[in-house]
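The block underneath contains the structure these notes are about, expressed in structure tokens.
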Protein chains: 2
Amino acid sequence: MAEQEAWASALHSHGRRVTKQRLAVLAAVQHNPHSPAEGILAAARKDLPELTAQSVYVVLSDLTDLQMLRRFEPPHSPALYETRVGDNHHHAVCISCGRVEDVDCAVGHAPCLTPHWDEDSKPMTIQIADVLYQGICQDCQAKQQLPTQTQVTTK
Amino acid sequence: MAEQEAWASALHSHGRRVTKQRLAVLAAVQHNPHSPAEGILAAARKDLPELTAQSVYVVLSDLTDLQMLRRFEPPHSPALYETRVGDNHHHAVCISCGRVEDVDCAVGHAPCLTPHWDEDSKPMTIQIADVLYQGICQDCQAKQQLPTQTQVTTK
DNA sequence: GCACTTATTATGAGTACTTCACAATAAGGT
DNA sequence: ACCTTATTGTGAAGTACTCATAATAAGTGC
């Protein structure tokens with residue numbers, strides 16, 4: 001598959017060696033976007049059963065530093081990875097079931113990249129603005145319509 | 001101090017009992033915004049030495065659920081807490097030293113609250129849009145100007 | 001193609017942060 | 001003041017991730 005070639009040359013251009021572990025992790029992330037390290041391990045092991053969890057962590061960290069992967073951390077969730085990098089897309093997480101969707105920014109450009117600073121603060125040079133939407137997906141909304149489950153548990 | 005009264009009535013209005021542990025945690029968060037649980041424990045123990053770490057975790061979770069506190073989780077950091085709730089402010093984190101600043105949204109209104117969905121996705125009902133800015137604060141920028149530290153370590 | 005250098009991975013242990021189960025305590029209504 | 005039950009303390013456990021070091025293998029030069 002030509003996919004492998006692309007990953008291989010990308011790795012080369014970053015001065016990294018092309019290993020079957022890296023290729024397996026990249027393919028696993030590609031085919032399972034928004035997956036945690038554990039899920040990536042499981043997916044990659046279908047191709048490479050001897051792959052270890054620790055290697056997955058090392059590879060994911062390194063490729064994230066190289067910007068070949070993108071990492072984001074929803075609340076109360078392990079870090080999730082995806083291959084979609086270089087654009088300015090963001091994420092929506094369902095607070096009920098945890099499903100994740102990609103979203104582009106509504107305003108059509110990088111959101112809020114020039115924040116308004118308080119007078120007493122020292123402005124930072126902003127490099128990234130990550131937006132995390134939290135809401136309820138259609139499936140979970142439908143479930144909450146059910147009479148017996150309308151009540152939200154409030155201790 | 002009248003601060004205590006306000007917390008007490010807020011707790012009452014949520015059907016919670018007013019305990020010295022809760023008041024100590026609230027005061028600690030108030031006076032140390034953007035602090036992790038450990039920092040809050042240390043601050044609260046100045047007033048209440050017998051307070052335990054586990055109680056701090058329980059209190060923080062509960063008060064966050066009640067929206068009396070707000071929790072956010074910068075990458076590679078434990079969760080941070082603040083008493084500033086109910087407005088739509090966001091956070092800027094220095095990727096070098098970790099310092100956190102509050103920022104209001106540049107566009108003057110809730111950012112990107114109506115995201116643009118892909119055609120093949122099921123839109124969610126968005127409730128929150130958290131924006132996390134990442135950049136370099138003025139102090140760290142100054143440090144990186146130093147000749148011997150100009151080079152970024154790139155393995 | 002073969003040896004060599006060194007990046008990369010596997011192994012095994014360890015850490016940080018948070019949560020859980022359950023007993024002890026104390027807040028607030030009667 | 002008593003009683004009910006929310007809340008806290010105690011001690012242990014769990015998840016996600018990292019570290020140190022030895023084994024392996026990618027890519028270079030011969």
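In this text the structure is predicted, and so the values were computed from the model without any measurement.
- Comparing dT9(C), dT8(D), dA10(C) by their closest approach to the side chain of Glu50(A) singles out dA10(C).
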Please set out all donor-acceptor pairs under 3.5 angstrom arising from side-chain atoms of residues 35-49 of chain A, sequence neighbours excluded.
unit_1	atom_1	unit_2	atom_2	d
Ser35(A)	OG	Asn32(A)	O	2.6
Arg45(A)	NE	Leu51(A)	O	2.7
Arg45(A)	NH2	Leu51(A)	O	2.7

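- We find that CG of Leu63(B) is positioned 17 Å from P of dA6(D), with the value rounded to whole Å.
- Sorted by residue number, the list of members of residues 33-43 of chain B with any non-hydrogen atom under 4.0 Å from DNA chain D is empty.
- Within a 6.0 Å sphere centred on CD of Gln67(B), other residues, nucleotides and ligands contribute 12 heavy atoms or fewer.
- For Tyr57(B), whose side chain is taken as the heavy atoms from C-beta onward, the closest listed nucleotide among dT18(D), dA10(C), dC17(C) is dC17(C).
- In this structure the side chain of Tyr81(B) never reaches within 4.5 angstrom of the side chain of Arg70(B), judged on heavy atoms.
- The side chain of Ser55(B) has dG9(D) as its nearest neighbour among dT19(C), dG9(D), dT9(C).
- Side-chain contact between His90(B) and Asp102(B) is absent, with no heavy atoms from C-beta onward closer than 4.5 Å.
- Counting Ile, Leu, Val, Met, Phe, Trp and Tyr side chains that sit under 4.5 Å apart, directly or through other members, Val100(A) shares a hydrophobic cluster with Phe72(A), Leu80(A), Val93(A), Leu132(A).
- Ile95(A) belongs to a hydrophobic cluster whose other members, connected by ILVMFWY side-chain contacts under 4.5 Å either directly or through intermediates, are Ile136(A).
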For this session: Might you work through the side-chain contact (heavy atoms from CB on, under 4.5 Å) test for Ser96(A) and Cys137(A), ending with a clear yes or no?
Result: CA-CA 8 Å; Ser96(A) 180; Cys137(A) 73; over 6 Å; no

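- For residues 70-82 of chain B, proximity to DNA chain C is found at Pro78(B), Ala79(B), defined as any non-hydrogen atom under 4.0 angstrom from a strand atom.
- A distance-only check finds a donor-acceptor pair linking the side chain of Arg16(B) to the backbone of His14(B) [under 3.5 Å].
- There is a side-chain donor-acceptor pair under 3.5 Å between Glu82(A) and His89(A).
- A search for side-chain contact (heavy atoms from CB on, under 4.5 Å) contacts involving Gln30(A) returns Glu3(A), Trp7(A), Thr83(A), not counting sequence neighbours.
- Note on the helix from dG1(C)-dC30(D) to dT30(C)-dA1(D): angle between the axes of the first and last five pairs equals 40°, rounded to 10 degrees.
- For the side-chain contact (heavy atoms from CB on, under 4.5 Å) test, residues two or more places apart in sequence or in another chain that qualify with Ser61(B) are Arg71(B).
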Protein and nucleotides 21-24 of chain D: nitrogen or oxygen contacts under 3.5 angstrom:
none

Exercise. When every nucleotide of nucleotides 21-30 of chain C is labelled 5' to 3' by its protein contacts under 4.0 Å (heavy atoms), B for base, S for sugar-phosphate only, - for none, what sequence of letters results?
Worked result: ------BS--

Below 3.5 Å is the cut-off: list the nitrogen or oxygen pairs between protein and nucleotides 1-3 of chain D, distance only.
none

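- Taking atom CZ of Arg45(B) as the reference point, atom C1' of dT8(D) lies 13 Å away to the nearest angstrom.
- Counting to the nearest Å, the C1' atom of dA26(D) and the CZ atom of Arg22(A) are 10 Å from each other.
- Under the salt bridge (charged side-chain N to carboxylate O under 4.0 Å, His left out) criterion, Arg17(A) pairs with no residue, sequence neighbours left out.
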